[in-house]
Amino acid sequence: MARRIMEILMKNIGVESDDSMAENYMGVRVVNMNFYPTCPDPGLTVGIGRHSDIGTITVLLQDDVGGLSIRVQEDENVGNKDEWLEIPPIPGALLINIGDSLQILSNGKYKSAEHRVGTTSTRSRVSIPFFLNPGPKVILGPMPQVIGKDGKAQYKECLFEDYKNNFFGHAYQGKKSFDFVKINSP
Ligand SMILES: O=C(O)CCC(=O)C(=O)O
Ligand SMILES: [Fe+2]
């Protein structure tokens, strides 16, 4: 399923994907199991702090408790204001998150989703994210086909393991880890 999603997303930005691309950019698969206990005063705690996932795509299964929210960034062109939007669980649905690696590969055409998780005082919660990540030695950078069209790369190339190590040095600071690869315009 994730391969198919990747294929469609790539096609949408003019890149024909093949099996080697999926192997390269989604070859390392990690399943986590998150347990969020109840908290007597949820306003005083954080389930998971604000972050975006570092891999290519995340497939998330959540139970029916809720608590996940996604940051919408201000964009006057489409009338968005800066806010956190609750993502209510839908029975039987999987949630697909775009990760930082896909943002970098697509030269910013796709934006990784900044998200966070709150707790409740009444029910504990379980979620199971399935992360599809590049291998540690994969060179991550905007794909040549996309740069060709855009005329200019927004991000520098780096090894995925270096991106990951840098990310964990700035955990839960939203999308700060992009500073590591951003090319600043003169
Ligand atoms: O619990 C959730 O809904 C999201 C978990 C999450 O963001 C993560 O594990 O990276
Ligand atoms: Fe996450």
Side-chain angles (χ1 to χ4, degrees), residues 1-6 9 22 25-73 80 82-106 108-136 138 140 155 158-182:
M1 177 186 79
R3 264 174 200 253
R4 183 77 188 112
I5 292 171
M6 177 81 165
L9 291 174
Y25 300 125
M26 304 197 301
V28 173
R29 293 152 204 156
V30 179
V31 178
N32 276 4
M33 294 192 191
N34 298 319
F35 176 69
Y36 304 90
T38 55
C39 177
D41 190 348
L44 294 179
T45 193
V46 175
I48 295 190
R50 56 195 292 177
H51 69 284
S52 46
D53 299 339
I54 55 175
T56 304
I57 279 175
T58 306
V59 180
L60 177 83
L61 177 66
Q62 52 173 332
D63 64 17
D64 63 339
V65 175
L68 173 67
S69 30
I70 297 248
R71 183 170 170 216
V72 179
Q73 277 190 290
N80 283 350
D82 210 315
E83 61 181 340
W84 287 94
L85 204 66
E86 283 265 345
I87 306 295
I90 300 173
L94 293 168
L95 188 125
I96 312 294
N97 262 335
I98 285 178
D100 295 351
S101 297
L102 187 50
Q103 177 165 339
I104 294 168
L105 290 168
S106 69
K109 292 255 177 323
Y110 294 118
K111 305 273 189 277
S112 62
E114 185 176 340
H115 53 284
R116 66 180 188 191
V117 183
T119 62
T120 78
S121 59
T122 50
R123 291 182 68 195
S124 57
R125 173 174 183 267
V126 171
S127 74
I128 305 178
F130 182 46
F131 301 102
L132 293 117
N133 295 349
V138 168
L140 198 56
Y155 308 105
C158 71
L159 287 181
F160 179 69
E161 67 180 354
D162 291 339
Y163 187 79
K164 180 173 166 181
N165 290 337
N166 176 69
F167 172 88
F168 284 109
H170 301 97
Y172 309 117
Q173 295 178 37
K175 294 180 70 167
K176 182 150 181 52
S177 54
F178 273 96
D179 292 351
F180 188 62
V181 287
K182 227 175 251 167

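All values below were derived from every heavy atom in this structure, side-chain atoms included, with hydrogens, water molecules and symmetry-related copies excluded. Computed from a prediction, not measured in an experiment: that's the story for all the values here. Counting starts at 1 for both ligands and their atoms, following the listed order. When a residue number appears, it is its place in the shown sequence, counting from 1.
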Among all residues two or more places apart in sequence or in another chain, which pass the salt bridge (charged side-chain N to carboxylate O under 4.0 Å, His left out) test with D82? R71
Could you say whether the N/O atoms of D53 and ligand 1 ever approach to under 3.5 Å? yes
Establish, yes or no, whether a centroid distance under 6.0 Å links the rings of F167 and F180. no
When you compare ligand 1 with R125, is there at least one nitrogen or oxygen pair between them that comes in under 3.5 angstrom? yes
State, with a plain yes or no, whether a side-chain heavy atom of N133 is found less than 4.5 Å away from one of S101. no
Just the protein N/O/S atoms under 2.8 Å from the Fe ion (ligand 2), please, no waters. H51 NE2, D53 OD1, H115 NE2
With heavy atoms and a 4.0 Å threshold, my read on which part of F131 contacts ligand 1 is side chain
Passing candidate, side-chain hydrogen bond (donor to acceptor under 3.5 Å, both in side chains) with K175, options E114, Q103, H51: Q103
Ligand 1 contacted by H115 (non-hydrogen, < 4.0 Å): yes
Are the side chains of L105 and Y110 in touch, meaning some heavy atoms are under 4.5 Å apart? no
Strictly distance-based, threshold 3.5 Å: is any side-chain N or O of T58 a donor or acceptor partner for the main-chain N or O of L60? no
Min heavy-atom dist L60 to ligand 1 below 4.0 Å: yes
Residue part near ligand 1, for N32, under 4.0 Å between non-hydrogen atoms: neither
What's the shortest distance from atom 4 (C) of ligand 1 to any protein heavy atom, and which residue and atom give it? V117 CG2, 3.7 Å
Mind checking the CG-CG spacing from N97 to L132? Nearest 0.5 Å is all I need. 12.0 Å
